[in-house]
Amino acid sequence: MKQTRMIFSTALFVVASAAAIAAGCAALRRNSLRDGVFTGTGAGRNGPIEVSVVVEGGKIVDASIISEQETESIGVPVERPILDQFIRNGGVTGAIDVVSGATITCNAMFEALDNALGSARGKSRRRAAYSDGETDIVIIGAGGAGLTAATEAASRGAGVIVLEKMGFVGGNTNSATGGLNASETAEQRRLGIKDSNEQFFEDTMRGGHYKNDEALVRTLVENSARTVEWLQGDLVGADLSDVGIMGGSTNRRTHRPSGGQAVGGHLVPKLHGAAKKAGAEIRLNSTVTDIIEENGKAAGVRVHDFAGDYTIRAKAVIIATGGFGANPQMIGKYRPDLENFPTTNTPGATGDAFGWVQKFGAALSLMDEIQTHPSVVPGKGLLITEAVRGNGAIMVSHQGKRFVNELDTRDVTSRAILALPEKRAYILFNDDVRKSLKAIEDYAKAGLLTEGKTVEDISARLGMDASVLGATLDDYNAAQAGLKADTFGRADMARPLSEGAYYAVEIEPAIHHTMGGIKINSAAQVLRGDGSAVPGLYAAGEVTGGVHGDNRLGGNAVADIAVFGKIAADSALEYIGG
């Protein structure tokens, strides 16, 4: 009875407190909001989002979009619901849930609405201008590699400033879905998966057609397990407990959150929070325009933001700016055949760093090796993760026939699709596959899936001959059951596709990853043409070249940014004596 009274009393206190807080907030809003129409801007995935907020009698009565450039099927659908909740909540954006798969758009909406409210209160939310300063390590880019480096360096006591030209952190890592490749890990042992560093090395070299830098691949492989352990430790607290397979891998080594959740949406907030908690300062909307060179050494950066230009002096500089997949001019320069291809890259992937490093005599490697991803939604630039195929999906032509081993490397599968008359195909799977991978729910919410309860139903919806698709599924299911060899040599067939419901999404190849970049060594030092290291200058992630050869395996990009992001920080710390 005593416990019951305590619970009841606590509940009354919570209700009373919540009511008091709500009443206080309402009174504060009535007293602090000026009447009028106020605008605010936030940094969306594809550009600024501008909103207007209407206040009458001290109360928010309307909110609307003025302009935006978000992806039609992912970003745009969340905008109106956010505005409606904002009005109902009386302007409290913190009470609005972030929609999975549209995190950047949601956060941009919150930023824009909060900025509009700041104007309504007569307060500018624009920060004070930065002035010239100094730090131990400056990191250019707040994507996965930059945040990893910032977390490691700051946690070990270094002064760290991270500069990100976009209005959000994460870069292309936000869109990473498959996972992080690693071998000989505790998670693999727990799940009974047999793998080895040597097999991981061989798969990566073979996938890159042996154009990879062997020393970098060895470094990637041999540090992969301890990097997973570091990410899952107390410092970052990531969940990488689910292990799947992606194209080109012999064994299951793609580590991702439980249930197959997209890895980027999980890892970026974890790294962002860890970096800030460790003491790193992260500045958004801050565009680096050059790296300072003194006596052949990297000595800081020049920065441009809303208030003008300033300089940060630093003992070491880490370049983590990503690739150039969103720069059509650079794509055209190195690969004219891909100049007009769609891209999965965020607008920030423009290759700025390649101009900065020329003064140091830095070498570039494999710049013409640009990867297309085979499964991108036409006209939307949205990637359907390779993990869908890894968990049992197949690819079929518009006629309902398989045409390639779905788990072959990305260059092979992309060429196979482009060889079809339509230059497009479908990924096809059933309920069992859908239930096995949380990432698929994001595609469903975005309206990307065509559904049919039976083979006949899905065939009709896709305009296929049901007998042809049925024969394709029968052949695949027989191979999956071990009754015959697979027609296309696929070895890993995780699930049968013998029962509905069935789902399909149309796909085409698009520019996804630039394998070429700044040449580095195993310590992530930037190298000159003669092989010597540039003092104080480091690079990690997609801005570098050599790790992936001429074709990157799915799951190796997240491994790359995490392994070499951490190594870059460790090397910089050693260089500055920290």
Side-chain angles (χ1 to χ4, degrees), residues 172 175-178 181 203-212 245-249 254 323-328 330-332 334-345 349 366-390 393-399 401-429 443 448 487-490 492 504-516 542 545 547-558 560:
N172 280 339
S175 303
T177 49
N181 284 347
D203 287 349
T204 299
M205 293 297 298
R206 184 176 62 249
H209 301 110
Y210 301 96
K211 294 183 179 180
N212 323 56
I245 191 169
M246 297 179 74
S249 293
T254 306
F324 57 94
N327 187 329
M330 284 191 71
I331 295 291
Y334 292 107
R335 285 288 299 276
D337 58 312
L338 297 177
E339 185 172 10
N340 296 317
F341 261 55
T343 183
T344 64
N345 287 248
L366 301 172
M367 292 297 286
D368 61 339
E369 301 298 351
I370 299 170
Q371 183 181 68
T372 58
H373 194 290
S375 52
V376 177
V377 181
K380 302 184 186 300
L382 300 173
L383 184 150
I384 304 299
T385 176
E386 212 165 288
V388 178
R389 286 172 274 148
I394 60 174
M395 293 197 296
V396 297
S397 68
H398 282 63
Q399 290 70 45
K401 298 179 180 180
R402 284 179 72 207
F403 55 92
V404 72
N405 175 353
E406 293 85 359
L407 295 185
D408 213 326
T409 54
R410 290 174 176 176
D411 56 334
V412 172
T413 50
S414 290
R415 283 197 301 267
I417 294 172
L418 292 173
L420 297 172
E422 300 83 4
K423 302 188 183 304
R424 294 179 179 179
Y426 289 101
I427 291 179
L428 184 75
F429 54 95
Y443 309 143
L448 301 179
T487 305
F488 297 94
R490 178 169 172 172
D492 192 298
V505 56
E506 191 177 33
I507 55 169
E508 67 178 0
I511 291 169
H512 184 52
H513 194 97
T514 49
M515 276 79 65
E542 195 176 347
V547 176
H548 308 293
D550 68 357
N551 180 68
R552 179 178 64 82
L553 297 186
N556 272 3
V558 182
D560 181 13

How long is the gap from [atom1] on [X] to [atom2] on [Y], to the nearest 0.5 Å?
X	Y	atom1	atom2	answer
Leu553	Met205	CG	CE	11.0 Å
His548	Met515	NE2	CE	8.5 Å
Glu339	Ile331	CD	CD1	9.0 Å
Glu422	Glu508	CD	CD	12.5 Å
Asn345	Ser175	CG	OG	8.5 Å
His513	Asn556	NE2	CG	9.0 Å

Counting N and O atoms only, with roles assigned by atom type, does the side chain of [X] sit under 3.5 Å from a partner on the main chain of [Y], one being a donor and the other an acceptor?
X	Y	value
Glu542	Thr514	yes
Ser375	Ile384	yes
Ser414	Thr372	yes
Asp408	Gly247	no

Any [X] side-chain heavy atom under 4.5 Å of [Y] side chain:
X	Y	answer
Tyr443	Thr177	yes
Pro374	Arg389	yes
Arg552	His373	no

Which is it for Asn551 and Gln371 under the side chain to side chain donor-acceptor pair (under 3.5 Å) test, yes or no, and what are the steps along the way?
CA-CA 6 Å; Asn551 180 68; Gln371 183 181 68; 3.1 Å; yes

Excluding sequence neighbours, so at least two apart, what forms salt bridge (Lys or Arg N to Asp or Glu O under 4.0 Å) with Arg335?
Asp337

Tell me the closest heavy-atom pair linking [X] and [Y], and the distance in Å.
X	Y	answer
Phe429	Ala393	CB-CB, 3.7 Å
Ala425	Leu420	CB-CD1, 4.0 Å
Asn405	Arg490	OD1-CB, 3.5 Å
Asp492	Leu407	O-CD1, 3.6 Å
Gly178	Thr254	O-CG2, 3.5 Å
Asp550	Gly208	OD1-O, 2.9 Å

With His209 via ring pair (Phe, Tyr, Trp, His ring centres under 6.0 Å) - residues at least two apart:
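Ring pair (Phe, Tyr, Trp, His ring centres under 6.0 Å) check on His209 returns nothing, list empty.
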
Is the ring pair His398/Tyr426 parallel, tilted or perpendicular, if the boundaries are 30 and 60 degrees?
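Correct class here is tilted.
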
Assign the ring pair Tyr334 / Phe324 to parallel, tilted or perpendicular, where the plane angle (0 to 90°) is split at 30° and 60°.
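Aromatic pair Tyr334/Phe324 classed tilted.
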
Please assess Val376 against His512 for the test side-chain contact (heavy atoms from CB on, under 4.5 Å), listing each intermediate value before the final yes or no.
CA-CA 9 Å; Val376 177; His512 184 52; over 6 Å; no

